[in-house]
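Have a look at the structure below before the remarks.
Note that these values count all heavy atoms, side chains included, but never hydrogens, waters or copies made by symmetry. Each chain gets a letter, A, B and so on, in the order its sequence line appears, and its residues count up from 1.
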Amino acid sequence: MTVASIHRGLFSLLALTATMSMAEAKTDIIVGMQLEPPHLDPTSAAAGAIDSVLYANVFEGLTRFAADGSILPGLAQSWDISADGLTYTFKLHPGVKFHDGTDMTAEDVKFSLDRARAADSQNAQKALFAGIADVAVVDPTTVKVTLSAPNGALPFNLAWGDAVIVAPESIEGIKQNPIGTGAFKFDAWVQGDKIDLVKNAAYWGTPAKLDKVTFKFISDPTAAFASVMAEDVHVFAGFPAPENLAQFAADPRFQVLVGSTEGETILAMNNKQPPFDNLKVRQAVSHAIDRQAIIDGAMFGYGTPIGTHFAPHNPDYLDLTAQSAFDPAKAKALLAEAGFADGFTTTLKLPPPSYARRGGEIIAAQLREVGIQTEITNLEWAQWLEEVFKGKNFGLTIVSHTEPADINIYAREDYYFQYGTPAFKALMADLNNATDPAKRSDILKAAQKMIADDAVNAYLFQLAALSVANAKVQGLWVNAPTQATDLTAVSWAE
Amino acid sequence: MIAFRLGLFLVLVVLGAAAVSLVWVPQDVGAMAIANKLKPPTLAHPMGTDHFGRDVLSMIMVGARTSIAVALVAVGIGMGVGVPLGLAAAANRGGWLDEIIMRGNDLVFAFPSLVIAILITATFGPSAVNAILAIGIFNIPVFARVTRGAALSLWTRDWVMAARVAGKGRVRISVEHILPNVANLLIVQGTIQFSLGILAEAGLSYVGLGAQPPTPSWGRMLAESQTMISFAPHLAIFPGLAILFTVLGLNLLGDGLRDALDPRLRRSR
């Protein structure tokens with residue numbers, strides 16, 4: 001037997017074992033993500049990374065987001081709305097158990113909602129629960145939620161990761177050991193590395209197809225690229241480097257999923273700080289910016305231009321991009337009218353994501369063309385939250401607002417870009433009181449128009465949801481209607 | 001001598017590129033042409049274009065300016081403060097001033113320089129000025145030590161004795177007799193510190209703590225090229241080579257200068 005034939009024999013043996021293992025579909029998956037959650041309680045922190053791991057997988061709410069952004073029943077199988085629109089009666093699925101074996105009943109729902117809306121609640125989205133006046137247990141599978149004013153958006157509000165149902169006895173340790181009702185159970189968390197979930201055999205609904213899920217946290221874009229290429233991770237949700245996607249798309253081992261998120265990426269202006277308190281200056285900035293150049297340069301073509309703070313895939317979206325079309329000559333004229341014929345100098349503070357860092361450099365170049373000089377400062381997230389978001393110490397900044405349907409932030413006077421005019425507040429109050437879909441749509445459109453007319457911020461583009469996955473993985477969400485990596489329907493193709 | 005000439009040549013090329021960039025660059029580094037991005041090297045763009053469609057050659061020429069300016073001022077700070085300290089310490093050998101200066105030196109030396117540089121730029125905000133200060137501070141003890149070491153042996157010479165007998169004070173002797181005799185060493189040390197300064201500046205901008213955009217900087221160019229290295233390697237190769245050749249050139253130049261200027265080496269030959 002020659003060396004060559006030994007080799008050939010080895011090869012056929014290897015090939016044989018390879019085919020044998022191919023026959024059985026894999027039941028585990030490794031999902032790469034850029035950000036690691038600070039802890040594991042989605043009801044007490046704003047960090048989207050918590051929901052990216054736990055939403056729909058471990059924790060469920062009364063209602064839930066579907067992959068297309070519509071609202072589906074979750075733990076509540078149905079609900080009735082009283083004629084005056086003030087009372088919602090939720091009928092819960094019977095026989096739902098928490099991962100620790102206890103029953104999920106109306107008491108747990110009351111506990112979760114009361115905890116979220118309590119005065120001392122740590123919930124990051126308390127506004128979602130602001131209209132709730134009372135939560136009452138009717139019987140173990142019926143909950144009555146009473147509102148102080150009609151609110152057609154309640155089922156939408158309750159679908160958020162901040163509104164998931166938690167077990168009272170698990171609250172103590174929820175940040176390290178989350179106990180939910182979902183199709184996966186929390187197994188282990190190796191901080192700085194990964195989180196393991198395992199299949200919940202006692203799940204009340206359609207069981208998960210996978211037995212084991214591992215979330216691996218890889219913050220560096222270069223390392224993320226290498227780990228996908230080496231097939232160390234099977235899916236990378238929210239791939240951080242859009243420039244690498246063309247390579248994955250050209251490789252038959254991978255599929256690239258390009259969808260849309262709820263992320264309106266904006267060049268925010270400090271509306272109370274001169275010169276941005278001047279409408280003409282804000283309009284000039286809006287006209288100085290070439291959105292397509294930013295999308296091509298910073299996002300390698302992924303993204304949809306927007307002209308207001310609203311997601312283009314939403315049926316109520318108004319395309320107002322023409323109102324602030326790229327027009328440097330007009331921008332210069334507006335600046336001259338505002339008394340800044342020679343331009344001015346301001347700060348541009350940039351958080352870490354590439355849309356901000358790269359987009360910032362492009363915007364700085366575009367603003368320079370009309371005479372506005374910017375001093376760029378690159379900040380880490382913690383510094384950005386401190387200086388810009390809380391401290392309001394900035395002229396310009398770039399950030400993507402990833403919360404769904406969040407135009408109401410413009411009603412907050414103390415929000416970091418400091419708009420909150422009485423007219424806009426009145427509009428939002430009308431919206432909350434309206435239950436008629438046609439009327440809600442009209443109000444939403446008026447609101448979009450108002451902030452575009454006032455050029456509160458320069459609206460850049462809708463952030464794309466970019467994920468890379470092994471070509472055999474199926475059932476992943478393409479769009480990101482909320483922060484989530486729903487793996488309950490994911491499986492490996494044969 | 002070949003090494004010295006090669007070093008001199010490389011350094012002159014870099015200095016020349018930086019000098020030329022003051023009056024002319026192939027393409028304005030502030031101008032972006034997104035449609036023209038990530039082009040491989042061509043005649044129009046000898047080093048290709050980056051992800052914003054900027055000319056890489058122009059970026060490197062202007063980046064040379066940033067590197068040289070940061071390293072030069074940092075060496076200036078080191079010499080300006082370190083040399084007088086070293087002279088003073090040598091003139092007061094064994095005295096309390098000597099102790100204070102040299103223990104202070106040890107204190108600064110005890111900290112890893114780049115870590116402190118990161119601390120300084122993180123505390124006072126990332127900028128080219130803070131990078132200069134951070135790198136400059138760590139040049140002070142280097143020059144103080146070199147100066148003191150060389151000056152100590154000079155203080156025992158007869159001609160220094162003669163000067164003292166003639167009634168000259170310590171300060172005058174230090175300035176008129178010691179300093180000219182340690183200048184050779186300082187030039188050699190300065191060249192070495194200059195190359196270290198260029199490396200430190202590149203390192204700090206690589207982690208985002210050096211010169212801020214849009215000011216081009218070699219370190220940041222390297223950092224930005226990272227995710228594109230697989231399809232646009234020219235973005236990493238050219239800034240990398242720029243750093244390599246500059247540091248290599250300065251080191252060769254420093255070695256050559258030492259051979260030519262250091263009296264001890266000269267005598268042993």
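- Side-chain contact between B:S230 and A:M229 is absent, with no heavy-atom pair separated by less than 4.5 Å.
- The 12-atom threshold is exceeded at NZ of A:K392, counting heavy atoms of other residues, nucleotides or ligands nearer than 6.0 Å.
- Interatomic distance, CD of A:E243 versus CD of B:E224, reported as 10.5 Å (0.5 Å rounding).
- Across every non-hydrogen atom of B:F52 and A:R358, the tightest pair is CZ-O, 3.5 Å.
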Apply salt bridge (charged side-chain N to carboxylate O under 4.0 Å, His left out) to the pair B:R54 and A:E361, showing each step before the final yes or no. CA-CA 12 Å; B:R54 293 175 297 192; A:E361 278 201 63; 3.3 Å; yes
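- B:F111 CZ: 12 or fewer foreign heavy atoms inside a 6.0 Å radius.
- Taking all atoms of both residues into account, the shortest heavy-atom contact from A:D220 to B:Q226 is OD1-OE1, 4.4 Å.
- For a residue to count as touching a neighbouring chain, one of its non-hydrogen atoms must lie under 4.5 Å from one of that chain's; by this rule B:L209 does not touch chain A.
- In this structure, chain B has heavy atoms under 4.5 Å from both the backbone and the side chain of A:A293.
- Side-chain contact between A:P240 and B:T227 is absent, with no heavy atoms from C-beta onward closer than 4.5 Å.
- Counting heavy atoms from C-beta on, the side chains of B:I229 and A:F225 never come closer than 4.5 Å.
- The minimum heavy-atom distance between B:G30 and A:A365, with the atom names listed, is O-CB, 3.7 Å.
- Taking CZ from B:R220 and CG from A:N378, the interatomic distance works out to 7.5 Å, rounded to the nearest 0.5 Å.
- Only the side chain of A:Q247 comes within contact range of chain B, judged by heavy atoms closer than 4.5 Å.
- Heavy-atom pairs under 4.5 Å with chain B were tallied for A:D296, A:I376, A:L348; the largest tally goes to A:I376.
- When all heavy atoms of A:F300 and B:H51 are compared, the closest pair comes out as CZ-CB, 4.2 Å.
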